[in-house]
Amino acid sequence: MIAENLNAFLSALPDQVTLVAVSKTKPIEALKEAYEAGQLDFGENKVQDMCIKAEALPKDIRWHMIGHLQRNKVKYIAPFVGLIHSVDSLRLLREINKQAGKNNRIIDCLLQIRIADESTKFGMNFDEAILIIENEKLTNVSIKGLMGMASFTENRNQIRDEFARLHKFYQEHRSTEGWDTLSMGMSGDYQLAIDSGSNMIRVGSRIFGARN
Ligand SMILES: *Cc1c(COP(=O)(O)O)cnc(C)c1O
């Protein structure tokens, strides 16, 4: 089932769009099935789950941290994480830089921007992001672009507007900052996101089935 979902998904995806298979809450066997179907990018939102799965699965998997990350837990994923999508503060970025240094690595990161109207969503605003990209020169992190989550709503126009704002900001800074990644779009809105310029989508339930 997972392999079929994945293949159907990938065959319809434009070449420039990377699929992150969001495997949070799913058992290792489910990830293994996706891996055997050729999937190498997996997204998790909890540090402990990511560590357990990374330990158990092949080493050529690229692990994406997509959930809110506490500073005191960065050290556990710093040795192996591929891309952290959820950098929502300068303090967190500095901690990632420190832990990356201890592991002699440069860790790829995205700045998570709050574009949704719900106050519960994590992320920084555009001004905070500008302060970071213009002032912080950290040696062991590489900011590759931006991540955003649209509002949980049936209103497609609102979702489109939110994605458009993030895409505009991305375009304004992409060449000066050397960015190449705009992570937006989930199971319910990935097509809108791709139409709005996303080149990395994070899809869980459409591949692995609904979560409990
Ligand atoms: C869970 C999650 C996803 C995937 O959600 P689906 O609706 O299952 O595709 C994408 N991004 C983030 C940040 C998530 O937490």
Side-chain angles (χ1 to χ4, degrees), residues 1-10 12-13 17-27 30-31 33-34 37 39-53 61-70 73-74 77 81-89 92-93 96 108-125 129 144-156 158-160 162-163 166-167 170 181-212:
M1 218 15 210
I2 292 171
E4 282 92 331
N5 290 348
L6 197 58
N7 287 327
F9 216 97
L10 287 174
L13 214 58
V17 180
T18 299
L19 169 67
V20 177
V22 175
S23 48
K24 64 188 187 196
T25 77
K26 298 295 174 181
L31 284 79
E33 189 175 340
Q39 181 64 23
L40 291 176
D41 291 276
F42 289 89
E44 291 285 332
N45 67 341
K46 294 209 162 69
V47 165
Q48 195 181 6
D49 292 349
M50 181 182 277
C51 290
I52 291 169
K53 290 173 178 176
I61 287 177
R62 187 170 196 228
W63 293 98
H64 296 251
M65 175 48 67
I66 62 168
H68 181 62
L69 180 57
Q70 287 172 287
K73 293 191 176 166
V74 172
I77 59 170
V81 68
L83 179 63
I84 300 177
H85 294 229
S86 45
V87 176
D88 57 4
S89 73
L92 175 60
L93 189 67
I96 296 167
D108 290 344
C109 293
L110 304 177
L111 301 181
Q112 181 175 353
I113 309 287
R114 194 182 328 108
I115 52 173
D117 59 7
E118 299 108 289
S119 54
T120 52
K121 295 254 164 81
F122 291 105
M124 56 182 87
N125 59 36
K144 295 291 184 187
L146 306 171
M147 185 271 253
M149 283 168 89
S151 296
F152 189 71
T153 171
E154 294 293 310
N155 184 341
R156 310 303 278 178
Q158 183 181 345
I159 296 172
R160 198 177 284 114
E162 291 170 357
F163 284 155
L166 189 59
H167 180 249
Y170 175 76
T181 305
L182 179 56
S183 167
M184 55 183 200
M186 315 180 11
S187 289
D189 58 18
Y190 69 89
Q191 194 55 57
L192 267 181
I194 292 170
D195 296 344
S196 307
S198 169
N199 61 16
M200 185 171 277
I201 58 174
R202 310 175 309 272
V203 178
S205 39
R206 285 262 179 148
I207 294 168
F208 294 105
R211 289 178 298 275
N212 307 325

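Indexing begins at 1, ligand by ligand and atom by atom, following the structure's order.
- In this structure, His85 does not count as a contact residue of ligand 1, since none of its heavy atoms falls inside 4.0 Å of the ligand.
- No donor-acceptor distance shorter than 3.5 angstrom exists from the side chain of Glu44 to the backbone of Trp63, with no hydrogens or angles considered.
- Panel note: side chain Tyr170, backbone Met147; no donor-acceptor pair is recorded below 3.5 Å.
- The option from Asn45, Val22, Ile66 that lies nearest to atom 12 (C) of ligand 1, judged by heavy atoms, is Ile66.
- No more than 12 heavy atoms of other residues, nucleotides or ligands shown are found within 6.0 angstrom of CD on Gln48.
- You'll find the side chain of Ile77 reaches within 4.5 Å of the side chain of Leu69, heavy atoms only.
- By the 4.5 Å heavy-atom criterion applied to side chains, Met184 and His167 are counted as neighbours.
- Closest approach of Met124 and Ser89 over heavy atoms only: CE-N, 3.7 Å.
- Between the choices Lys24, Arg202, Met186, the shortest heavy-atom distance to atom 14 (C) of ligand 1 belongs to Lys24.
- Residue contact annotation: Arg206 has no non-hydrogen atom under 4.0 Å from ligand 1.
- Of the protein's non-hydrogen atoms, the one nearest atom 9 (O) of ligand 1 is Ser187 OG, 2.5 Å.
- In terms of polar-atom proximity, defined here as any N/O pair under 3.5 Å, Gly204 does make such a contact with ligand 1.
- Every atom of ligand 1 with a heavy atom of Val203 under 4.0 Å away is listed here by number and element: 9 (O).
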